[in-house]
Peer 1: 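Quick one: the structure is below, and I'll ask about it shortly.
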Protein chains: 2
Amino acid sequence: MARVRLIDVAELAGVSMKTVSNVVHNYPHVAPALRQKVQSAINELGYRPNLTARRLATGKTGMIALAMPEIDHPYFSELSRHIAEEATRRGYRVLIEQTLSDPVAERAVLRDREAGLVDGVIFHPVRMGTLDIAKLAPGTPLVLLGEAAMPVMTDHVMIDNVAAALGGTRHLLNSGRRRIAFLAVMDGDITGSTNQRLLGYQQALIEAGLPLRPDLVLTARDFTAEAGVAAIEAALERGLHFDGVVCRDDKFAIGALKALQAAGKSVPEDVAVVGWDDTLLARYTSPALTSVAPDKLAIATEALTLLEERIGGYEGVGRHRIVGHSLAMRGSAPRLRE
Amino acid sequence: MARVRLIDVAELAGVSMKTVSNVVHNYPHVAPALRQKVQSAINELGYRPNLTARRLATGKTGMIALAMPEIDHPYFSELSRHIAEEATRRGYRVLIEQTLSDPVAERAVLRDREAGLVDGVIFHPVRMGTLDIAKLAPGTPLVLLGEAAMPVMTDHVMIDNVAAALGGTRHLLNSGRRRIAFLAVMDGDITGSTNQRLLGYQQALIEAGLPLRPDLVLTARDFTAEAGVAAIEAALERGLHFDGVVCRDDKFAIGALKALQAAGKSVPEDVAVVGWDDTLLARYTSPALTSVAPDKLAIATEALTLLEERIGGYEGVGRHRIVGHSLAMRGSAPRLRE
DNA sequence: CTGAAAGCGCTAACAA
DNA sequence: TTGTTAGCGCTTTCAG
């Protein structure tokens, strides 16, 4: 097939490789006549630069890796889209890497760049601690996503989880709720994000002068909607009374919705529900979910900016960027209690 | 940084590059003593082969491109996951390309391989006709996904849309429905998939001895749930009577659900709803959606198989693979009419 | 079974 | 402004 090389073009045009290269790269100082000649040779031969060769010569790949737990989880696929679009805008291609929260796969991710495959990595870790990460990838342009405990050496983009949980809980309080539950997965939490969200939830209660009741902290066994259903069912069965629930994930919120409705409770009249991540799912339940909405576009933009700086040679200490969040208001927890 | 090259290892081990290469590639015939020595040199230096250089030498990139309209649409993100996992299993990495259904972007996709970036492309076209595609990418290992009109030269994986629509409609008929609507986007349909699905729908009605009523074919203005809502609302407003609806997309089905419930109809009692694609969304509505379920894993596997054969040098005519589908039964159109 | 050397196609000094 | 040439790091004949 297209086995046309730079030198073939040069020969046909009767110039040197350098001149062809100049034309390809749109360098300003090429005599118009030559440019013309070269261009038509390129067209005639259908020349396309071989990117692999270019990479070997320049040492830049023009690619970044994006490593996430699951590429088809709505939060990650929505975030991926923003990152992919932002990367494209900046001239990078995106290599997708799925870790499935597997420590081995997470470790493997950090070797891509050493293998000269990508210029940098955007990584949403689940199992690896930040120290391991820094150890495994010294000098690798790397930006972390998600709520990993504060990394010392590594750049990091996240939202303020405490504030977001505080905001979500306050919203429930403002609409008159007084017995607000919190639904999360508690064990196996390496990242500490649940703790931060729990903290925000507790702060809101304290602000409002309400007691912190341990029995209102509900635990799901894993990150599925079914686990959310089970957790709410169990709470209902043991007679727990609550008029609002803050969930650390939209899927839990969906589970909560189902379980509550199945138990004859109406949402939001009897129990208001707040989800987290503001994914596509939140728009299609009934009632639609009020959900904590991380600014995904800002996460993408900020992550790429930090990564580009690292790729550009910045070698300072790890930087933390807190990006915005809001509360997407929908039917499951409307603004005012009716 | 890790600026360790093959030759560095060779020097430390006191052997030639070839021997190191043999060890790296696990070639069988290396003297155990040498292998030992080389291996410890590799470990000591922390050597990692530079993939870019390897590619330039071998001409294989070990990467495939996956080009789809939208990476965060549930159908595509679910399919992507299967493809990514299957590709990993076969030793490929996946470069994600989003076309946003833009003809220019679709065209650009087909140049990746010419640029020596990937070994092959899996492409779900929306705007490009198959002739354009074949013309633009002669000799490029390429597998098409989706319902593009039968391509002559290009490999293609799809489900039998006529049969799937027939099955979905039959299911409604079997449960006693007699006035079944069909909801789709009609104009701007380059791919003809809507036509195939419409055909299946019509066949089912004919089989059942029912008349084909044009007013039962509902049209949404675009591929959003909101468009589905609007289409159903309009039909209801003009007094259309129907007790079932087959939607060509889960999002339409969600829209239909909303519009019907808002109008005081209950699903499935008054109107049964069948969606298409069996995405995550279908599981989280209430009632959950019965949905035509393409075998996404089979699509991924089949596509990779064909692509690998092309990459391996197969140059025959385009092959069509029809993979299986089923009907995921859920509450919006349960098995028997109660 | 191991070593030496010629590319893979492009870029970027350095000359001209 | 344009041409020459030496790499980028690895693979791979072809000898030894």
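Chain naming here is simple, since letters A, B, ... match the order of the sequence lines and numbering starts at 1 in each.
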Peer 1: Rounding to a whole Å, what distance do you find between Met17(A):CE and dG3(D):P?
Peer 2: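 Going from Met17(A) (CE) to dG3(D) (P), I get 12 Å.
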Peer 1: Looking only at the side chain of Ala31(A) (C-beta and beyond, no hydrogens), which of the listed nucleotides dT11(C), dG3(D), dT1(D) gets closest?
Peer 2: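 The closest nucleotide is dT1(D).
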Peer 1: Check the distance between dT2(D)'s P and Lys37(A)'s NZ and give it to me in whole angstrom.
Peer 2: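 That distance rounds to 10 Å.
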Peer 1: Using a heavy-atom cut-off of under 4.0 Å over every strand shown, decide if Leu51(B) touches base, sugar-phosphate, or nothing.
Peer 2: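 No contact.
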Peer 1: Using the side-chain heavy atoms of Ala53(B), tell me which of these nucleotides is nearest: dC10(D), dG3(D), dT12(D).
Peer 2: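 Of the options given, the side chain of Ala53(B) lies nearest dC10(D).
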Peer 1: Separation of Lys18(B) atom NZ from dC10(D) atom C1', in whole Å?
Peer 2: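 From Lys18(B) NZ to dC10(D) C1': 11 Å.
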Peer 1: Please state how far atom CD in Glu11(B) lies from atom P in dA4(C), giving the value in whole angstrom units.
Peer 2: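 Between P of dA4(C) and CD of Glu11(B): 11 Å.
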Peer 1: Charged N to carboxylate O under 4.0 angstrom, Glu78(B) versus Lys296(B)?
Peer 2: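 Yes, this pair counts.
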Peer 1: Looking at dG3(D), I'd like to know if its phosphate oxygens (OP1 or OP2) sit under 4.0 Å from a side-chain N or O belonging to Thr19(A).
Peer 2: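 Yes.
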Peer 1: Round to a whole Å and report the spacing from CZ of Arg35(B) to P of dT2(C).
Peer 2: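 Going from CZ in Arg35(B) over to P in dT2(C) covers 9 Å.
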Peer 1: Between Thr140(B) and Arg310(B), do the side chains contain an N or O donor and an N or O acceptor separated by less than 3.5 Å?
Peer 2: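 Distance-only check fails for Thr140(B) and Arg310(B).
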Peer 1: Of Leu297(B), Ile299(B), Leu304(B), which is the lone residue that meets side chain to side chain contact (heavy atoms under 4.5 Å, CB included) with Thr301(B)?
Peer 2: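 Testing each of Leu297(B), Ile299(B), Leu304(B) against Thr301(B), the sole residue satisfying side chain to side chain contact (heavy atoms under 4.5 Å, CB included) is Leu297(B).
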Peer 1: Rounding to an integer number of Å, can you tell me how far Asn22(A) CG sits from dC10(C) P?
Peer 2: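 After rounding, the gap between these two atoms is 14 Å.
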Peer 1: In this structure, how many angstroms lie between the C1' atom of dC8(C) and the CG atom of Leu6(A), rounded?
Peer 2: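 These atoms are roughly 14 Å apart.
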Peer 1: Side-chain N or O of Tyr47(B) versus OP1/OP2 of dC10(D): is the shortest distance under 4.0 Å?
Peer 2: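 Tyr47(B) to dC10(D) OP1/OP2: side-chain N or O found under 4.0 Å.
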Peer 1: Checking side-chain polar atoms at under 3.5 Å, does Ser77(B) have a donor or acceptor matched by the opposite partner on Asp72(B)?
Peer 2: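 Side-chain D/A pair, Ser77(B) to Asp72(B): absent.
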Peer 1: Could you tell me how far apart Leu56(B) (CG) and dC10(D) (C1') are, to the nearest whole angstrom?
Peer 2: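 Those two atoms, CG and C1', are 8 Å apart.
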